[in-house]
**Student:** 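Just passing along the structure, written as structure tokens.
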2 protein chains.
Amino acid sequence: MATIRDVARLAGVSVATVSRVINKIGNVNSETAHQVLKAIEQLQYEPNSVARGLAGKKTGTIALILPDILNPFFPALARAVEDVAHQEGLTVIFGNSDGLGLKERSYIKTLKKKYVDGIIIASNTVNPEDIEHLRKDQVPIVLLDRGLDIPTCPIIRSQNREGAKLAVKHLLSRGCRKIAHIYGPQEMITARERLLGYEDVVEGLDWYSPSLAVPGNFDIEGGRKAIKLLLERQPDIDGVFAGNDLMAIGALKGLHDLGIPVPERIKVCGFDGISLAEITEPELTTIAQPIYEMGALAAKILIREINTGISENTIMKLDVTLIPRKSTWKEGIDVDEA
Amino acid sequence: MATIRDVARLAGVSVATVSRVINKIGNVNSETAHQVLKAIEQLQYEPNSVARGLAGKKTGTIALILPDILNPFFPALARAVEDVAHQEGLTVIFGNSDGLGLKERSYIKTLKKKYVDGIIIASNTVNPEDIEHLRKDQVPIVLLDRGLDIPTCPIIRSQNREGAKLAVKHLLSRGCRKIAHIYGPQEMITARERLLGYEDVVEGLDWYSPSLAVPGNFDIEGGRKAIKLLLERQPDIDGVFAGNDLMAIGALKGLHDLGIPVPERIKVCGFDGISLAEITEPELTTIAQPIYEMGALAAKILIREINTGISENTIMKLDVTLIPRKSTWKEGIDVDEA
DNA sequence: CTGAAAGCGCTAACAT
DNA sequence: ATGTTAGCGCTTTCAG
């Protein structure tokens, strides 16, 4: 592989000049520039990113740390981040943290040593001090989806609480008179907000009781168990709002096991809008987050900070939308009223 | 951030000695080593990977290029690769190629410039010359899932042809007497092999006709369309073997649209064993590939080659297994006979 | 507008 | 066993 020196020699200029033309900075006589370009072409020269990283402190690499790419919510995020990065000529390092603070911190340490230009992470353990350290080392970071409200760092989420309200109101408008909620792990702010949203609308209603909310661990199995528990405690529920689609799918499964017809006897609404929701039977009504957009936005904000050095430490909550499907269907309603 | 020089100074030794202790090579007096370790601890020193990469030609980074992480088949591969890489202290760069040769080559070029230690790629466009180039640049590569049989490069796939036979035989054993096949894009060797496997077993049978095999593009929509086309041409089919789970799910959807009961009237079997197959109604019988193992194996082989410099250019075909579920259920059969 | 030269932080001969 | 030193390939003052 040719080096910058080879190019300089062939073009009859110094390496500094070559560096100037490949980086398009400083002034270079267009004649000389042309010579250099010719030499580059001739030698098939490609600047070495590692050397560049060492000399210039910019590696053209960002990192994306997610809890688990196997969770169907995350691939869309990953795709979005990678798309935007690739478009900007950046490369992305990817890691699974399993939601473990230990692993997250270990990744972050490694990434610093690699001089990554920035980090996007979906984590609920990252705290203000971590951010502080990163900031001191000049490593921009943006929080995605999960993540506390840290005022010193940009964070992208969606309207979880509002979305939850939307879900419950939808169920209400479809005739439900006793709506349960299956919630996710309360250490996740997303799960907490959705529970709050549920409470916001049901708390005033006469049928409401705290025992209508049960945990489901954000996974299919959890949803399945939750619905069974729920039915034991409150056999007359006619609507279920699950804190995410996975649990909603579990609930659907559980109801199917029990021979309870959906949506006739019980209506179910999920949250997230992952593609799985379209393949269940009945298809799942859900509150869709703009998952891809969230990832893309995170990447854009990160890249902007990398390029300008200034960070907009703001928390952005993207809009969610109700996607009515079979699982909340009701006779005589063709168009959604929400 | 402290550098190796700071450590050397504080420990009262030369940088070479420090380098020796952090790399555990050469001989170092345990006394001195101890001093060095103490200094490292004291300064919170972390070796800079970029400098290391430049000096030593090893960056501790491998790359994984997949067609599209949104396709549910790939996350498990990604998880596996990242898991073993992480375990070995390596970091993984991730990219989506969309199956485009252009994008693949562009990634490969970028990765070379970054001195990645090795590449794992699921591609059907990579050819012997590409491999040759990489080899010349000392960049180990392993092909995963898709990918032609290139004798100069390790490749991991599963028993596609055998698996297809297994599927068709299973359908036969469940009483099907006219089995159709929905196949994937024939530029993919996996799709081709599965079609061959189908033909292997049906070709001799009296009901067989080539029009029983139709394309489905490896996606849900394609499967849905395929089943409808099939039913027009051959209304009396009673079994369908889809070349992957996505198309099988599409077929299930299509049959549901048409009001044709599965498995009573038509039985359906997929291929891949992605988790989606468990959430359909009825649940989907499928030929499961050991997806995670495939990814893990690819990573291990790559890492071995990186460490030893010797490559085992062999094509490995992992075993698949039939997972019988509701979609091929038959009265009076409790245990699978295959 | 262009070149010389000093690093970036580390590894790896080569000495001692 | 340990130190010296020359790079790895590029960026970036600082002169000219």
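Here is the naming used below: chain letters follow the sequence lines, and residue numbers restart at 1 for every chain.
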**Student:** Mind checking ring pair (Phe, Tyr, Trp, His ring centres under 6.0 Å) for A/Tyr45 and listing every partner two or more places apart, or none if nothing turns up?
**Tutor:**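 Not a single residue meets the ring pair (Phe, Tyr, Trp, His ring centres under 6.0 Å) criterion with A/Tyr45.
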**Student:** In a table with atom names and distances, give each donor-acceptor pair under 3.5 Å that connects a side chain of residues 296-305 of chain B to protein atoms at least two apart or in another chain.
**Tutor:**
from     : atom 1 : to       : atom 2 : distance (Å)
B/Arg304 : NH1    : B/Glu312 : OE2    : 2.6

**Student:** To the nearest angstrom, how far is B/Leu43 atom CG from C/dC10 atom C1'?
**Tutor:**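 To the nearest whole Å, that distance equals 16 Å.
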**Student:** For residues 8-17 of chain A, run the donor-acceptor check on the side chains, cut-off 3.5 Å, and write out each pair with its distance to 0.1 Å, sequence neighbours left out.
**Tutor:**
from    : atom 1 : to      : atom 2 : distance (Å)
A/Ser14 : OG     : A/Ala16 : N      : 3.4
A/Ser14 : OG     : A/Thr17 : N      : 3.4
A/Ser14 : OG     : A/Thr17 : OG1    : 3.4

**Student:** Looking at A/Ser14, I'd like to know whether one of its side-chain N or O atoms comes within less than 4.0 Å of OP1 or OP2 on C/dA4.
**Tutor:**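 No.
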**Student:** For every nucleotide of nucleotides 6-16 of chain D, 5' to 3': is a protein heavy atom under 4.0 Å from its base (B), only from its sugar-phosphate (S), or from neither (-)?
**Tutor:** -BBBBSB----
**Student:** If the cut-off is 4.0 Å, is A/Thr32 near the phosphate of C/dT2, judged by side-chain N/O to OP1 or OP2?
**Tutor:**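 Yes, A/Thr32 has a side-chain N/O under 4.0 Å of OP1/OP2 on C/dT2.
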**Student:** Side-chain donor-acceptor contacts of residues 71-85 of chain B below 3.5 Å, not counting sequence neighbours, with atom names and distances?
**Tutor:**
from    : atom 1 : to       : atom 2 : distance (Å)
B/Asn71 : OD1    : B/Phe73  : N      : 2.9
B/Arg79 : NE     : B/Asp83  : OD1    : 3.0
B/Arg79 : NE     : B/Asp83  : OD2    : 3.3
B/Arg79 : NH1    : A/Asp68  : OD1    : 3.0
B/Arg79 : NH1    : A/Asp98  : OD1    : 2.9
B/Arg79 : NH2    : A/Asp98  : OD1    : 3.2
B/Arg79 : NH2    : A/Asp98  : OD2    : 2.9
B/Arg79 : NH2    : B/Asp83  : OD1    : 3.3
B/Glu82 : OE1    : A/Asn96  : N      : 3.4
B/Glu82 : OE1    : A/Tyr107 : OH     : 3.0
B/Glu82 : OE2    : A/Tyr107 : OH     : 2.5
B/Asp83 : OD2    : B/Tyr292 : OH     : 2.5

**Student:** Between A/Ser19 and A/Ile4, is any pair of side-chain heavy atoms under 4.5 Å apart?
**Tutor:**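 Of all side-chain heavy-atom pairs linking A/Ile4 with A/Ser19, at least one is under 4.5 Å.
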**Student:** For residues 143-155 of chain A, which residue pairs qualify under side-chain hydrogen bond (donor to acceptor under 3.5 Å, both in side chains), counting only residues two or more places apart or in two chains?
**Tutor:**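 For residues 143-155 of chain A: A/Asp149-A/Arg157.
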**Student:** May I have the distance from B/Gln35 (atom CD) to D/dA1 (atom C1'), rounded to whole angstrom?
**Tutor:**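 Between C1' of D/dA1 and CD of B/Gln35: 15 Å.
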**Student:** Using a heavy-atom cut-off of under 4.0 Å over every strand shown, decide if B/Asn27 touches base, sugar-phosphate, or nothing.
**Tutor:**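 It contacts base atoms.
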**Student:** In whole angstrom, what separates A/Arg9's CZ from C/dT2's P?
**Tutor:**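 Roughly 20 Å, once rounded to whole Å.
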